[in-house]
2 protein chains.
Amino acid sequence: MKPTIYDVAEAAEVSIATVSKVINGTGRISEKTRKHVLQVMEDLKYKPSMVASALTGKSTYTIGLTLPDLANPFFAEIARAVEDRGHEYGFNLFICSTDNDPEREIKYFSLLMQKRVDGIIIASRTQKDQYVKGLIQQQIPIAMIAREMPTLAVDTVMVDDFLGGYQAGSHLLELGHRRIAILAEDMNEMSTRERIRGCRQAMLNAQVEPDEALIAVGGFTVDSGKEAAGRLLEAEDRPTAVFACNDVLAIGANQAARRCGLRVPRDLSIIGFDNTVLATIMDPPLTTIAQPIQEIGRQVVDLLVQEIKGEKALKQRVLLMPQLVERSSCGPCR
Amino acid sequence: MKPTIYDVAEAAEVSIATVSKVINGTGRISEKTRKHVLQVMEDLKYKPSMVASALTGKSTYTIGLTLPDLANPFFAEIARAVEDRGHEYGFNLFICSTDNDPEREIKYFSLLMQKRVDGIIIASRTQKDQYVKGLIQQQIPIAMIAREMPTLAVDTVMVDDFLGGYQAGSHLLELGHRRIAILAEDMNEMSTRERIRGCRQAMLNAQVEPDEALIAVGGFTVDSGKEAAGRLLEAEDRPTAVFACNDVLAIGANQAARRCGLRVPRDLSIIGFDNTVLATIMDPPLTTIAQPIQEIGRQVVDLLVQEIKGEKALKQRVLLMPQLVERSSCGPCR
DNA sequence: CTGAAAGCGCTAACAC
DNA sequence: GTGTTAGCGCTTTCAG
């Protein structure tokens, strides 16, 4: 059996209270017995059980992260950032891929509650406010990484999608492009709509009239982007640039361009969104609007931890700025 | 406060023992009280605390997964596969990215032990057998996803690297290639060496003499692959095909080829290893040796769960076969 | 069929 | 400084 605090106490010839005190550094104990107890703990390879201490009211030092799919590079990078920041605070991370399936999400929420996690970070998308509301009522600290403005008062970190779209549009405009196509991800999502709105705003400001026909809807796969972009590029009076709402779609667009015999960026400029590892892998390297993934992870954990420690009365939303990262997929319009 | 079993018992006017029984489906209770208790539980939104039940000797239904880096697509896909299979058994997953840092790994191991996980899956690489041995002595169920044959008796699932290298080499040979270069990942790793050995065996079988000068060492980044491949391609008497020991390196090789004005697969064939999402994203899509990621996750979890349930006395190693996935990056030698 | 009671390993008053 | 003791929320005999 694993050694318990009793075993340590017995071997060290002290009471369990004393052992507990040296473990937690609470109370007052002589340096002598402290060292002695420490020594015995080591000899016995004793590791205090966090499940027992959690039961006595202390926290579990565990947080849950729900996201659509860990195998998606964007979310994997988010998860890594959350893991690292959590680790700094001594928290372990439960990973919960929901596949945007509400049932799976609910099941995970329920499990996380039963395991008494100290808090939950929600980066999954299907969040029907309803369930989240339920969690909040159960007093569990929550923070969200959002693409939509939730209708709930929850600590949230989000990226300014409108600005991102604006930056993308402006960059293309500055390069002289006028016929700018947009590859949308999911028109039902606020973030997609905001990015598009931002891009169009930039066009409007530059006196260029957005063309409805230049919007195509892709999805989350390279192929969907390739196909959608293909339609755009085969049309007469084709665009000279395309703004893809995520890097995956941008890669699809790049493939479509190549299939059409168009060279990037000579014949077609492509700009993406997210700045995942995929952007560096594309050929040519993808110019894209970067989401500050590290910072998102950092801030969302900070918000949650403050919430957990009860250091914060008010909820807040942090709006992070996206940033243009120039690589080689955009060039002047010819 | 969260409702406890006492609250439920009180509201249902039964004893906590009865409530416990209906929760676990143990003992014998009349259908009538069972339904009643269930109803009360629902009304109170009561969720049994797994930390309390874990303390009474039941398991935590939690497993830990240590890996080098969650942001690496290969490991993210592994993690997802492990998560899914674990989920089927009712297990939650703690993610532990070690960055191949022994200190970080040890710290994570220690935390996992304190949290009383039911088992640990080790996919990280720095495993000095020493620490793993320590874990084994502490009776914790362990399963490994290995690239090397560990010197310990541990349940392990591994992929036949030699065969994979052989398949890659054979494929290239069948296409008529004779000057085949190899982009290695890390010569210190057995897996890299085995893949290379496999490839050379194929060459030997085909009566072609491997050329030492045609081996270059890259690493884990696209750029390192690009650079290493660049050296190979710029040499006179350049290779007509390259076998990259992982998909990332293959992408680097592809970029190098393009920079040298070589068209893939017309002027140069490239074959990778892993079959991560990157393979589909490359342009042209990468022909590669697939690691059966889903199957790896499935089997390693199955081994661990059997171990946890004590259904298995003997340790075992499962050797999975890699598989050639043909896409468009390889063509006949001209 | 149901309940009383003894732990599980640890923390936190409160004594001494 | 150190020890005693009463829980934390749940499971599990063992009576009734």
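We name chains A, B, ... by the order of the sequence lines, and we start the count at 1 in each one.
Side chain of B:Tyr46, nearest nucleotide from C:dC10, D:dC10, D:dG3: D:dC10. The listed nucleotides are C:dA12, C:dC10, D:dC10; the one nearest the side chain of A:Ala17 is C:dA12. The side chain of A:Arg28 has D:dG1 as its nearest neighbour among D:dG1, C:dC8, C:dA4. The side chain of B:Lys58 has D:dT11 as its nearest neighbour among D:dT11, C:dC10, D:dG9.
Phosphate proximity of D:dT2 to A:Ser30: present, with a side-chain N or O under 4.0 Å from OP1 or OP2. In terms of phosphate contacts, B:Thr18 brings a side-chain nitrogen or oxygen within less than 4.0 Å of OP1 or OP2 of C:dG3. Distances shown here put every side-chain N or O of B:Thr56 at or beyond 4.0 Å from the OP1 or OP2 atom of D:dT12. Distances shown here put every side-chain N or O of A:Ser49 at or beyond 4.0 Å from the OP1 or OP2 atom of C:dC10. OP1 or OP2 of C:dG3 lies within a sub-4.0 Å distance of a side-chain N or O belonging to B:Ser15. Between B:Ser20 and D:dT11 there is a side-chain polar atom (N or O) within less than 4.0 angstrom of OP1 or OP2.
Counted within 6.0 Å of CD on B:Gln114, heavy atoms from surrounding residues, nucleotides or ligands total more than 12; the atom is thus considered enclosed.
Remark: C1' of D:dG9 and NZ of B:Lys47 are 17 Å apart, rounded to the nearest angstrom. To the nearest angstrom, P of C:dA12 lies 11 Å from CD1 of A:Ile23. One interatomic measurement links the two molecules: CG of A:Asp7 to P of C:dC8, which rounds to 11 Å at whole-angstrom precision. Rounded to an integer number of Å, the gap from A:Asn24 CG to C:dA13 P is 12 Å. Rounded to an integer number of Å, the gap from B:Ile5 CD1 to C:dG7 C1' is 15 Å. Remark: C1' of C:dG9 and CD1 of A:Ile16 are 8 Å apart, rounded to the nearest angstrom. Atom C1' of nucleotide C:dC10 and atom CD of B:Gln114 are separated by 12 Å, given to the nearest angstrom.
At a cut-off of 3.5 angstrom, counting only N and O atoms as typed in the model, there is a donor on one side and an acceptor on the other between the side-chain of B:Lys21 and the base of C:dG3. Taking 3.5 Å as the limit, the base of C:dC8 and the side chain of A:Tyr6 contain no donor-acceptor pair of atoms between them.
In this structure, A:Ser124 and A:Pro68 approach most closely via the heavy-atom pair CA-CD, 3.8 Å. Listed here is the closest heavy atom pair of B:Val14 and B:Val19: CG2-CG2, 3.8 Å. Contact between B:Ala81 and B:Gln294 at its shortest, heavy atoms only, is CB-OE1, 3.9 Å.
Along DNA chain C, the nucleotide closest to A:Thr26 and the one closest to A:Lys2 are compared, and the more 5′ of them pairs with A:Lys2. With the nearest nucleotide of DNA chain C identified for both B:Ile29 and B:Leu55, B:Ile29 has the one nearer the 5' end. Between A:Glu13 and B:Val51, the residue anchored closer to the 5' end of DNA chain D is A:Glu13, taking for each the nucleotide with the nearest heavy atom.
Among the atoms of the strands shown, only primed sugar atoms or phosphate atoms (P, OP1, OP2) are found under 4.0 Å from some heavy atom of A:Val14.
Each of B:Phe91, B:Tyr61, B:Phe94 was checked for a ring-ring contact (aromatic ring centres under 6.0 Å, His included) with A:Phe94, and the lone residue meeting it is B:Phe94.
For the residue pair A:Gln39 and A:Asp43, a side-chain donor N or O sits within less than 3.5 Å of a side-chain acceptor on the partner.
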